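Just below is one structure, and these are the notes that go with it.
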Amino acid sequence: MTKEQEILIAAEEEFFRSGYDAASTAVIAKNAGVTHAMVNYYYRSKERIFLKLLDSSIEQLLERIKPLMKADGDFVELSSETALALYDFFLTKRKLPFLLLDLARTHPEFLRHYREAVATVCAESIRRHSAYLREQIQNGKVAECTVNDIFDTVISLALSPFLNMPMLENVLGLSPQQIEDYLAAHRAEMPRIIRSRYLR
């Protein structure tokens with residue numbers, strides 16, 4: 001592993017732990033086992049190292065869902081698979097949803113340039129799947145709904161456990177094992193919720 005990669009790993013841990021504003025490049029350097037000057041050499045600023053991490057995370061997320069965006073078949077099952085793919089991605093980056101929510105509130109400028117990229121990737125898929133969904137509704141396979149309805153359900157199911165994490169840990173005081181049990185139970189329940197809501 002290169003020093004640059006070690007810095008990125010330490011940076012991800014620091015940003016996820018502290019949030020963007022409170023994160024420190026000095027802490028990143030210390031945890032990576034490098035000098036502060038070396039962090040600045042590779043990334044120049046806290047903003048640049050953060051955007052590098054954000055770019056990487058968004059790219060990984062899109063790579064997970066692109067095959068599903070191109071897939072055909074049972075719309076409800078495809079929605080369940082998409083929810084699970086998103087959930088499994090966030091399971092590897094549990095604090096990313098909370099960090100994104102905080103960014104949307106405190107630094108929306110960091111997220112604006114992703115809107116066009118995500119819209120470009122998703123636009124054709126949304127058009128195609130809207131027509132496909134309408135066909136399945138007309139054939140009596142899917143309950144009356146829109147792509148936006150299903151999108152909202154999928155996103156809510158995939159994100160909510162991770163957004164709930166501070167409450168579960170710090171207010172309810174769940175143990176690490178209880179957290180893992182909660183996450184596993186939620187994942188198992190997601191397809192059932194989607195099927196019960198949208199299958200006819």
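Predicted model only: the values in this text are computed from it and were never measured.
- Applying the salt bridge (Lys or Arg N to Asp or Glu O under 4.0 Å) criterion to Glu59, with sequence neighbours excluded, gives no partner residue.
- Leu183 has its side chain within reach of Met165: a pair of non-hydrogen atoms, C-beta onward, lies under 4.5 Å apart.
- Taking the side chain as every heavy atom from C-beta outward, Tyr87 and Leu157 never approach each other to under 4.5 Å.
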message: salt bridge (charged side-chain N to carboxylate O under 4.0 Å, His left out), that's the test. Do Asp102 and Arg105 meet it? Break it down for me.
response: CA-CA 5 Å; Asp102 188 53; Arg105 184 179 59 83; 2.8 Å; yes
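- Judged by distance alone, the side chains of Thr25 and Tyr43 never bring a donor and an acceptor atom under 3.5 Å apart.
- Taking the side chain as every heavy atom from C-beta outward, Ile194 and Leu199 never approach each other to under 4.5 Å.
- The closest donor-acceptor contact from the side chain of Ser196 to the backbone of Ile193 lies under 3.5 Å.
- Between Phe162 and Pro166, the shortest heavy-atom contact is O-CD, 4.0 Å.
- Put simply, the side chain of Asp88 never gets that close to the backbone of Ala85: no donor and acceptor are under 3.5 Å apart.
- Heavy-atom minimum distance, Val154 versus Ser79: CG2-O, 3.6 Å.
- Shown here for Leu99 and Gly19, the closest heavy-atom pair between the two residues is CD1-CA, 4.0 Å.
- Residue Lys93 places its NZ atom among more than 12 non-hydrogen atoms of other residues, nucleotides or ligands, all under 6.0 Å distant.
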task: Start with the C-alpha distance between Asn164 and Tyr182, add both sets of side-chain angles, then the distance that settles side chain to side chain contact (heavy atoms under 4.5 Å, CB included), and finish with yes or no.
output: CA-CA 11 Å; Asn164 290 340; Tyr182 162 78; 3.4 Å; yes
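- Between Ile28 and Ala10, the shortest heavy-atom distance links the atoms O-CB, 3.6 Å.
- Under the 4.5 Å side-chain heavy-atom criterion for ILVMFWY residues, no single connected hydrophobic cluster contains both Ile9 and Val27.
- Among residues two or more places apart in sequence or in another chain, the salt bridge (Lys or Arg N to Asp or Glu O under 4.0 Å) test is passed with Arg112 by none.
- Few gaps surround CZ on Phe16; more than 12 heavy atoms of other groups in view lie less than 6.0 Å from it.
- Residues Val34 and Tyr42 fail the side-chain proximity criterion, which asks for heavy atoms closer than 4.5 Å.
- Between Leu54 and Leu103 there is a side-chain heavy-atom pair separated by less than 4.5 Å.
- Once rounded to the nearest 0.5 Å, the distance linking CZ of Arg94 with CD1 of Ile179 reads 8.5 Å.
- Within the model, atoms CG of Leu62 and OG of Ser57 stand 11.0 Å from one another, a figure rounded to the nearest 0.5 Å.
- Look at Glu180 and Arg187 and you find no salt bridge, because none of the NZ, NE, NH1 or NH2 atoms lies under 4.0 Å from a carboxylate O.
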- request: Walk me through it: do Glu144 and Arg134 pass the test salt bridge (charged side-chain N to carboxylate O under 4.0 Å, His left out)?
  value: CA-CA 9 Å; Glu144 187 65 40; Arg134 181 54 45 194; 3.2 Å; yes
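- Looking at Lys46, its side chain does come within 3.5 Å of a backbone N or O of Asp21 through a donor-acceptor pair.
- Between Phe89 and Gln60, the shortest heavy-atom distance links the atoms CE1-CB, 3.7 Å.
- Taken from OG in Ser130 to CG in Asn148, the straight-line distance is 7.5 Å, to the nearest 0.5 Å.
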- request: Output, in order, the C-alpha distance, side-chain angles, deciding distance and verdict of side chain to side chain contact (heavy atoms under 4.5 Å, CB included) for Leu78 and His129.
  value: CA-CA 10 Å; Leu78 187 59; His129 281 96; 3.4 Å; yes
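- Counting heavy atoms from C-beta outward, Tyr41 and Thr35 have side chains that stay 4.5 Å or more apart.
- Interatomic distance, CD of Glu13 versus NZ of Lys95, reported as 10.0 Å (0.5 Å rounding).
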task: For the pair Glu77 and Arg195, evaluate side chain to side chain contact (heavy atoms under 4.5 Å, CB included) and give the outcome as yes or no after the intermediate values.
output: CA-CA 8 Å; Glu77 288 306 312; Arg195 289 184 198 113; 2.7 Å; yes
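- Although no hydrogens or angles enter the test, the distance criterion places no donor-acceptor pair under 3.5 Å between the side chain of Glu6 and the main chain of Gly33.
- A distance of 9.0 Å separates OH of Tyr132 from CZ of Phe75, quoted to the nearest 0.5 Å.
- Asp181 pairs by the side-chain contact (heavy atoms from CB on, under 4.5 Å) definition with Gln177, not counting sequence neighbours.
- The shortest side-chain heavy-atom distance between Cys145 and Leu133 falls under the 4.5 Å cut-off.
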- request: Could you go through the side chain to side chain contact (heavy atoms under 4.5 Å, CB included) check for Thr106 and Tyr20 one step at a time?
  value: CA-CA 9 Å; Thr106 60; Tyr20 176 76; over 6 Å; no
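- Heavy-atom minimum distance, Arg17 versus Asn31: NH2-ND2, 3.5 Å.
- In this structure, CE in Met190 is found 5.0 Å from CG in Leu84, a value given to the nearest 0.5 Å.
- Ring-plane geometry between His107 and Phe110 is classed as parallel, the angle between the planes falling under 30 degrees on a 0 to 90 degree scale with a further cut at 60.
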